[in-house]
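Take a look at the structure below.
Whatever order the structure lists ligands and atoms in, that order sets their numbers, starting from 1.
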Amino acid sequence: MDYQKILEDIYQEILPFASIGRQADYIPALAKTDPDQFGMCLKTVTGETYEIMQSDTRFSIQSIAKVFALAMGLSLKGEDLWKNVGKEPSGTAFNSMIQLEMEKGMPRNPFINAGAIVIADLLLSELEDAEAGFLGFIRALAGNDTIDYNMEVAISERENGYLNAAIANLLKYYGTISNDIEKVLMFYFKMCSVEMSCRELANAFLAFTNHTSFEYAGYRLSSSRIKRLNAVMQTCGFYDEAGEFSYLVGLPGKSGVGGGIVAIHPLRYSVAVWSPRLNSKGNSVMGIKALELLTTYTQESIF
Ligand code: GLN
């Protein structure tokens, strides 16, 4: 398969979508991002790398961080993790509170904000230094020790994160989280502020393609848990657009409002794509289009 040519063809074909949507601006520090950027990197399990455009430019991974947090949580707690968070698609926006009150403080899944805040609380309870532990895990997965939090983005989100603060308060009221609200929120925002490139994300997600057990920075996931992590990405990775992403692309994946998307073809490759302009669901317009074309041109998807 000539993945390099396929990526180059994809880029030409998605150019008509280049000015659709806009970058996330509800986080003021992200509003400053140049919206007209694009990168893509595909890494195969056999070690080849194919990339185009700004695949080496770092950006805010935002909700993609929730996959790393869930992997750590599963490694630390196993099936007990699911006592405080569900694994059903929500069909609602990533920051919605509607179900959370009706379902008495039990978030639908770990990829909506409420669920990720629960995982942040779990990591704070389980680890002596959760912030260092989280970074250490990502650095080990990506094979790069310079990956870091962006404090300007984290603080900017904290200063404007009224909805996430409301979610954390509701979770605390129902007893789903146990740590101090401010501490949990700041850790959650820091996780989202991590900056990585498409190349680094594709590298990190290779660990989730293999279906053989792995251990990075002391966190171990069995092949069975990796399978389950992929299942949650498939059903919940794109919030109220999870069905559409499944329909168009046919791979498990996860998006973030920084404009990044990572997807996995089990036993074949991981692929990361980035373009800051988002659709109304908070997912990258060019990113979804590029991945749709990837599975169309290669005729490879999980279905
Ligand atoms: N930090 C963002 C938030 O909580 C993450 C959302 C996202 O990437 N979908 O709103």
Check whether any heavy atom of N95 sits under 4.0 Å from an atom of ligand 1.
no
Side-chain contact, heavy-atom cut-off 4.5 Å: D9 with Q12?
no
Quick one: nearest non-hydrogen protein atom to atom 3 (C) of ligand 1, plus distance?
E157 OE2, 3.0 Å
For ligand 1, which atoms have a heavy atom of C192 less than 4.0 angstrom away?
1 (N)
Name the closest protein heavy atom to atom 10 (O) of ligand 1, giving the residue it belongs to and the distance to 0.1 Å.
Y26 OH, 2.5 Å
Which of the numbered atoms in ligand 1 are below 4.0 angstrom from a heavy atom of N164?
3 (C), 4 (O), 10 (O)
Nearest protein heavy-atom contact for atom 7 (C) of ligand 1: which residue, which atom, what distance?
S63 OG, 2.5 Å
Nearest neighbour in protein (non-hydrogen) for atom 4 (O) of ligand 1:
Y188 OH, 2.7 Å
Using side-chain heavy atoms (C-beta onward) and a distance below 4.5 Å, is I147 in contact with E200?
yes
Below 4.0 angstrom from a heavy atom of Q62, which ligand 1 atoms are there? Numbered from 1 as shown, please.
1 (N), 2 (C), 5 (C), 8 (O)
Would T49 and K43 count as having a side-chain donor-acceptor pair, cut-off 3.5 Å?
yes
Drop me the distance from K289's NZ to I10's CD1, to the nearest 0.5 angstrom.
11.0 Å
Would you please classify the geometry between the F205 ring and the F68 ring as parallel, tilted or perpendicular, with 30° and 60° separating the classes?
perpendicular
Which of the numbered atoms in ligand 1 are under 4.0 angstrom from any heavy atom belonging to Y239?
7 (C), 9 (N)
G256: numbered ligand 1 atoms lying under 4.0 Å from its heavy atoms
8 (O)
F137 ring center within less than 6.0 Å of F134 ring center
no
Centres of the Y247 and F245 rings: under 6.0 Å?
no
Is ligand 1 under 4.0 Å from a heavy atom in the side chain of N113, in the backbone, in both, or in neither?
side chain
Stacked cation flag K190 on Y149, 6.0 angstrom / 45 deg:
yes
